[in-house]
Asker: 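Sharing a structure with you now.
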Amino acid sequence: DWVMFWGAGVGQTVALSEALRNGLPMDRVSSSVWISESDMDVVGKDRVKGVIKLEPCASGREPKPVADILKEVVAKGKGAGPENKVGTSYYNYGVMMATLMVEGVRVAFEKNPNGPVSGPWLNEGLRSITNFTAEGMIPPTTITKEDHQGGGRCRVARWDGAKFTPATDWFTANQDIVWAEIRKYSE
């Protein structure tokens, strides 16, 4: 038996606190992507060991784009916000989105270097991203006109008391069902 939280914000800490209060085993509790290190801080990092979540990108400071931000921005005093947030789940989600946008712009320039820079120009670049991994930070991602989610890959990560660690490799789940529902309601 499992308990799954599907929510965001303070709902995660409330749900974790109640799970603890009711004696639920933390290694049978899971959440969506919207649980982070700060939630674990609130309820007690050691008390929630074993909680799992889905992650769309690697967390931590090791992914190359994050390591580059630490070296080229934070270390040079050009960062904004608390340095201890760099490499956390939500921070890395933002970096993931930024790498996809930058790759879309790069591909758009590659396809049409003379522009004009416009929404359709950028869309063409974004829809031409193929097997992009942001140097290992994200699963191989291919974006097309038909598939803006880029393949729908994620992985399971488990809280070890200090950080989320990967528990699986990247995978997709039930894409046949997802696409059947999309097609059913978009025709």
Side-chain angles (χ1 to χ4, degrees), residues 1-67 69-70 80-101 132-143 147-182 185:
D1 292 330
W2 286 83
V3 174
M4 177 154 182
F5 305 148
W6 194 268
V10 71
Q12 297 294 323
T13 54
V14 170
L16 279 173
S17 297
E18 288 302 302
L20 285 165
R21 187 176 68 81
N22 285 287
L24 297 176
M26 292 297 104
D27 63 350
R28 304 299 282 178
V29 172
S30 66
S31 182
S32 65
V33 300
W34 301 117
I35 193 166
S36 73
E37 296 80 358
S38 57
D39 298 312
M40 303 316 203
D41 288 341
V42 170
V43 296
K45 291 179 175 185
D46 288 336
R47 297 179 66 209
V48 288
K49 283 183 188 174
V51 170
I52 63 171
K53 72 170 187 167
L54 295 176
E55 61 180 13
C57 66
S59 32
R61 294 176 160 213
E62 295 76 24
K64 186 163 182 344
V66 177
I69 290 168
L70 285 164
E83 183 179 341
N84 67 342
K85 295 297 182 188
V86 177
T88 60
S89 298
Y90 296 156
Y91 187 92
N92 286 16
Y93 297 170
V95 173
M96 171 188 69
M97 296 307 298
T99 64
L100 286 163
M101 291 305 294
F132 179 68
T133 66
E135 301 185 78
M137 182 176 181
I138 64 175
T141 302
T142 296
I143 299 174
D147 181 4
H148 289 181
Q149 70 175 339
R153 289 183 182 96
C154 64
R155 69 183 180 192
V156 174
R158 185 174 297 279
W159 182 251
D160 69 6
K163 63 187 180 309
F164 287 102
T165 58
T168 67
D169 200 357
W170 302 111
F171 68 93
T172 61
N174 303 316
Q175 289 296 298
D176 55 336
I177 295 169
V178 170
W179 283 105
E181 290 297 303
I182 289 170
Y185 290 102

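These numbers were taken from a predicted model, which means no experiment stands behind them.
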Asker: My understanding is that only residues two or more places apart in sequence, or in another chain, count here; which of them pass side-chain hydrogen bond (donor to acceptor under 3.5 Å, both in side chains) with Tyr91?
Answerer: none

Asker: How close do Phe171 and Leu54 get, heavy atom to heavy atom, and via which atoms?
Answerer: CZ-CD2, 4.3 Å

Asker: Keeping Asn92 on the side-chain end and Val95 on the backbone end, is there a donor-acceptor pair under 3.5 Å?
Answerer: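 Side chain of Asn92 to backbone of Val95: no pair is present.
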
Asker: Could you give all pairs that pass the salt bridge (charged side-chain N to carboxylate O under 4.0 Å, His left out) test and reach residues 27-37, with sequence neighbours left out?
Answerer: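 Passing the test, one end in residues 27-37: no pairs.
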
Asker: What's the spacing between Leu16 CG and Met26 CE if we round to 0.5 Å?
Answerer: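 Rounded to the nearest 0.5 Å, the CG-CE separation comes out at 6.5 Å.
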
Asker: Starting from the C-alpha separation in whole Å, work towards a yes-or-no answer on side chain to side chain contact (heavy atoms under 4.5 Å, CB included) for Thr99 and Glu135.
Answerer: CA-CA 10 Å; Thr99 64; Glu135 301 185 78; over 6 Å; no

Asker: My understanding is that only residues two or more places apart in sequence, or in another chain, count here; which of them pass side-chain hydrogen bond (donor to acceptor under 3.5 Å, both in side chains) with Lys64?
Answerer: Asp68

Asker: Under 6.0 Å from the ring centre and within 45 degrees of the ring axis: does the NZ or CZ of Lys85 meet both conditions for the six-membered ring of Tyr90?
Answerer: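 No, cation not above the ring by the 6.0 Å, 45° rule.
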
Asker: What are the two closest non-hydrogen atoms of Trp2 and Ile52, and how far apart are they?
Answerer: CZ3-CD1, 3.7 Å

Asker: side-chain hydrogen bond (donor to acceptor under 3.5 Å, both in side chains): which pairs involve residues 164-174, sequence neighbours left out?
Answerer: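 Counting only pairs at least two positions apart or across chains, no side-chain hydrogen bond (donor to acceptor under 3.5 Å, both in side chains) contact touches residues 164-174.
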
Asker: I want to check something: taking the side chain as every heavy atom from C-beta on, are Pro140 and Phe132 in contact at a cut-off of under 4.5 Å?
Answerer: no

Asker: Among residues at least two apart in sequence or on other chains, which ones pass salt bridge (Lys or Arg N to Asp or Glu O under 4.0 Å) with Asp160?
Answerer: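 Once residues adjacent in sequence are excluded, the partners of Asp160 under the salt bridge (Lys or Arg N to Asp or Glu O under 4.0 Å) criterion are Lys163.
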
Asker: Closest heavy-atom contact between Gly87 and Arg61?
Answerer: CA-CG, 4.1 Å

Asker: Ignoring hydrogens and angles, write down the donor-acceptor pairs under 3.5 Å from the side chains of residues 39-46, residues two or more places apart or on other chains.
Answerer:
from	atom 1	to	atom 2	distance (Å)
Asp39	OD2	Ser36	N	2.8
Asp41	OD1	Lys45	NZ	3.4

Asker: Is it true that, when you exclude Trp179 itself, more than 12 heavy atoms of the residues, nucleotides or ligands shown sit nearer than 6.0 Å to its CH2?
Answerer: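 Enclosed: over 12 neighbouring heavy atoms sit under 6.0 Å from CH2 of Trp179.
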
Asker: Evaluate the side chain to side chain contact (heavy atoms under 4.5 Å, CB included) criterion for residues Leu100 and Ile138: first the C-alpha distance (whole Å), next the side-chain angles of each, then the deciding distance (0.1 Å), finally the verdict.
Answerer: CA-CA 10 Å; Leu100 286 163; Ile138 64 175; 4.0 Å; yes

Asker: Please list, chain by chain and in numerical order, all residues satisfying salt bridge (Lys or Arg N to Asp or Glu O under 4.0 Å) with Arg155, sequence neighbours excluded.
Answerer: Glu55

Asker: Compare all side-chain heavy atoms of Lys53 with those of Phe164 and state whether any distance is below 4.5 angstrom.
Answerer: yes

Asker: Going by the rule side-chain hydrogen bond (donor to acceptor under 3.5 Å, both in side chains), which residues pair with Glu18 if we only count those two or more places apart in sequence or in a different chain?
Answerer: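 For Glu18, the residues satisfying side-chain hydrogen bond (donor to acceptor under 3.5 Å, both in side chains) (neighbours in sequence not counted) are Arg21.
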
Asker: Can you name the salt bridge (Lys or Arg N to Asp or Glu O under 4.0 Å) partners of Glu62, sequence neighbours left out?
Answerer: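 Result, salt bridge (Lys or Arg N to Asp or Glu O under 4.0 Å) vs Glu62: none returned.
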
Asker: Before you tell me yes or no, could you show the steps for Thr133 and Thr141 under side chain to side chain contact (heavy atoms under 4.5 Å, CB included), namely the whole-Å CA-CA distance, both residues' side-chain angles and the distance that decides it to 0.1 Å?
Answerer: CA-CA 6 Å; Thr133 66; Thr141 302; over 6 Å; no

Asker: The criterion is side chain to side chain contact (heavy atoms under 4.5 Å, CB included); which residues satisfy it with Ala15, sequence neighbours excluded?
Answerer: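 In terms of side chain to side chain contact (heavy atoms under 4.5 Å, CB included), with neighbours along the sequence ignored, Ala15 is linked to Phe5.
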
Asker: Testing the basics here: between Gly7 and Trp34, what is the closest heavy-atom pair and its distance to 0.1 Å?
Answerer: O-CB, 3.3 Å

Asker: Between Met96 and Met137, which heavy-atom pair has the shortest distance, and what is it?
Answerer: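 Minimum heavy-atom separation between Met96 and Met137: N-CE, 4.1 Å.
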
Asker: Would you check if Val86 and Val66 make a side-chain contact, meaning some heavy-atom pair closer than 4.5 Å?
Answerer: yes

Asker: For Ser31, which residues count as a side-chain hydrogen bond (donor to acceptor under 3.5 Å, both in side chains) partner, sequence neighbours excluded?
Answerer: Gln12

Asker: Short question: side chain of Asn22, backbone of Leu24 - any donor-acceptor pair under 3.5 Å?
Answerer: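 Answer holds: no.
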
Asker: Taking only residues two or more places apart in sequence, or in another chain, which ones meet Glu181 in a salt bridge (Lys or Arg N to Asp or Glu O under 4.0 Å)?
Answerer: Lys184

